[in-house]
Amino acid sequence: MSSPAPRTAPDRCPGALSTHQAADGALARVRLPGGLLTSAQLQVLAHCAAELGNGSIELTSRGNMQLRAVTDTGESARRLADIGLLPSPSHERVRNIVASPLSGRVGGTSDVRSLIGSLDVAVCAELELADLPGRVLFALDDGRGDVASLAPDFGVRALAPDRYALLLAGADSGVRISAENIIEVLVAAARHFVELRREEWRLSELPDGPARVLARLGLEPGGSTDVPGTSDSLTPIGWLPQRDGRVALGAALALGVLDARSAEFLAAVDKPMVITPWRSLVLCDLDEDAAESVVRVLAPMGLIFDENSPWIHASACTGSPGCDKSHADVRADVTAAVDAGNISPGERQHWSGCERRCGRPKGAVLDVVAGPTGYRVS
């Protein structure tokens, strides 16, 4: 088996151990495979944010969470490890797994929840995958096309309860596999990418990457790549009746920021949570009375249960003063634009402090980019 070629550029994707030194201090990113989070884990994250960070938790575009301005990275890592959020120090940055947030509860063709933990364990058990770039993304789509739309490097999309399309570099490869083969195929595909890559961070950057990976897997396309389309509205917001008669609540957050106090209230509900790749969250398995109480308490604290809120489609990078490359305090500016009614519901906008446009969501987006002399729209 060939060894990965030497890299000249280090992988700067932050983790909980390999933090990023931002302008406002250390940034620690905590991977949450499938966005799954327990109340106890959220409680610890809230305490870390309040006691060791800037008092807030940020939700990311891959269903992860991050803490900013961390004053003691060793202590934060210890607390996260104690609560099960750092199961593999060597693989902590490569546990990038997204899954359909409502799978098994609301809609979908197949229930992919059991695959999340199995894939995470398999990725961490494969020594070579510690060399995966931190930008690589795995996806488990239950058929609705939500996380398939995120252009995963390696993923599946359910076509029937036990028939899945293999996704490579964000596209249907034409290969069809059963549920029992998903973990083996995805891990092997990622391993082959590690062996083939040189300076490439994503499979889409590797020349003929999908075809070369398929060749190494010994798989040939055998199905039509004309899979069903994706819904225009991906973010699950509001009252979501579950198939078991209970209720899930989808909540957005302005700019994906959850303050520590609100996080503690959420943790006190003591129900399963899913952090979505759209910087929102889903609180699951509530009875109707509990759901009404949650909305009554948490809506005034900043959780957004209204699918028509302009915040559903407005996003921004960190901006000043958190990033020294930014030309503006974009978060304050986009907040002022929302407050003034200048962002309409359904109009997807991303505000950036510089041309790098960090955090820009996939798909059609109106870009508002700050420069030395002000903003421009593209």
Side-chain angles (χ1 to χ4, degrees), residues 13-20 22 24-73 75-88 91-99 101 116 120 134-135 137-138 147 150 235-236 250-267 269 271-284 298 301-304 315-318 322 331 358-359 361:
C13 280
L17 298 173
S18 51
T19 56
H20 168 68
D24 57 349
L27 182 150
R29 184 170 297 161
V30 184
R31 265 65 178 187
L32 305 174
L36 303 182
L37 187 68
T38 68
S39 294
Q41 289 170 338
L42 182 58
Q43 187 76 54
V44 169
L45 282 164
H47 289 168
C48 285
E51 298 166 10
L52 305 173
N54 68 354
S56 296
I57 304 168
E58 293 183 342
L59 281 57
T60 79
S61 60
R62 290 185 165 190
N64 297 317
M65 287 180 153
Q66 61 189 28
L67 306 172
R68 300 193 68 92
V70 179
T71 56
D72 189 335
T73 56
E75 174 61 15
S76 68
R78 184 193 66 76
R79 295 186 188 185
L80 296 173
D82 287 347
I83 202 65
L85 290 173
L86 285 177
S88 174
H91 290 66
E92 62 125 353
R93 292 191 299 179
V94 305
R95 300 169 61 237
N96 297 306
I97 302 170
V98 294
I116 298 169
D120 186 29
R135 302 176 195 178
L137 182 65
F138 294 89
V147 294
L150 301 176
T235 309
L253 296 155
L255 300 173
V257 178
L258 177 66
D259 68 79
R261 181 170 176 267
S262 298
E264 290 198 49
F265 272 81
L266 264 175
V269 179
K271 290 293 182 180
M273 272 165 284
V274 183
I275 307 304
T276 83
W278 305 283
R279 296 186 173 92
S280 64
L281 60 89
V282 180
L283 192 60
C284 307
L298 291 178
M301 298 179 70
L303 273 74
I304 300 165
S315 59
C317 71
T318 299
R331 295 197 167 198
C358 294

*Of I116, L137, N64, which is the lone residue that meets side-chain contact (heavy atoms from CB on, under 4.5 Å) with V98?*
L137

_Backbone of R135 reached by a side-chain donor or acceptor of R62 within 3.5 Å_ = yes

*May I ask you to test the R331-V257 pair for a side-chain heavy-atom distance under 4.5 Å?*
yes

*Looking at residues at least two apart in the chain, or sitting in another chain, which of them share a side chain to side chain contact (heavy atoms under 4.5 Å, CB included) with D120?*
P33, R95, I97, C124

*Mind running side-chain contact (heavy atoms from CB on, under 4.5 Å) on L281 and T276 for me, showing each step along the way?*
CA-CA 6 Å; L281 60 89; T276 83; 5.7 Å; no

*asked:* Once rounded to the nearest 0.5 Å, what's the spacing between atom CG of L283 and atom OG of S39?
replied: 7.5 Å

*Enter the distance from S61:OG to L59:CG here, rounded to the nearest 0.5 Å.*
10.5 Å

*Can L45 and L258 be said to form a side-chain contact (heavy atoms from CB on, under 4.5 Å), step by step?*
CA-CA 11 Å; L45 282 164; L258 177 66; over 6 Å; no

*First locate atom OG1 of T318, then atom CD of E58, and finally report the distance between them rounded to the nearest 0.5 Å.*
5.5 Å

*Which heavy atom in R93 sits nearest to a heavy atom in S18, and how many Å separate them?*
CD-OG, 3.0 Å

*So, do W278 and P236 sit near enough that their side-chain heavy atoms are less than 4.5 Å apart?*
yes

*List the steps and the verdict of side-chain contact (heavy atoms from CB on, under 4.5 Å) for E51 and R79.*
CA-CA 12 Å; E51 298 166 10; R79 295 186 188 185; 2.8 Å; yes

*Which heavy atom in P101 sits nearest to a heavy atom in P277, and how many Å separate them?*
CG-CD, 4.3 Å

_With a 3.5 Å distance limit and no angle check, can you tell me whether E92 reaches the backbone of A16 through a side-chain donor-acceptor pair?_
yes

_Heavy-atom side-chain proximity of L27 to T19 below 4.5 angstrom_ = no

_Contact summary for A260 and A49, nearest pair of heavy atoms_ = CB-CB, 4.3 Å

_Side chains of L85 and L32, heavy atoms from C-beta outward: is any pair under 4.5 Å?_
yes

*Are the side chains of L266 and L303 in touch, meaning some heavy atoms are under 4.5 Å apart?*
yes

*Under a 4.5 Å cut-off applied to non-hydrogen side-chain atoms, are L80 and V30 in contact?*
yes

*Inspect the contact between R78 and E75 and indicate whether a charged nitrogen and a carboxylate oxygen are less than 4.0 angstrom apart.*
yes

*Can you tell if the side chain of I57 reaches within under 4.5 Å of the side chain of Q66, non-hydrogen atoms only?*
no

_If you compare all heavy atoms of S315 against all heavy atoms of P361, which two are closest, and at what distance to 0.1 Å?_
OG-CD, 3.8 Å

_Gap separating the CG atom of L255 from the OG atom of S56, nearest 0.5 angstrom_ = 11.0 Å

*Answer yes or no: is there a side-chain heavy-atom contact under 4.5 Å between H47 and E264?*
yes

*Nearest heavy-atom pair of G134 and R31: which atoms, and what distance?*
O-NH2, 3.8 Å

*Search all heavy atoms of C284 against all heavy atoms of K271 and return the closest pair with its distance.*
O-CB, 3.3 Å

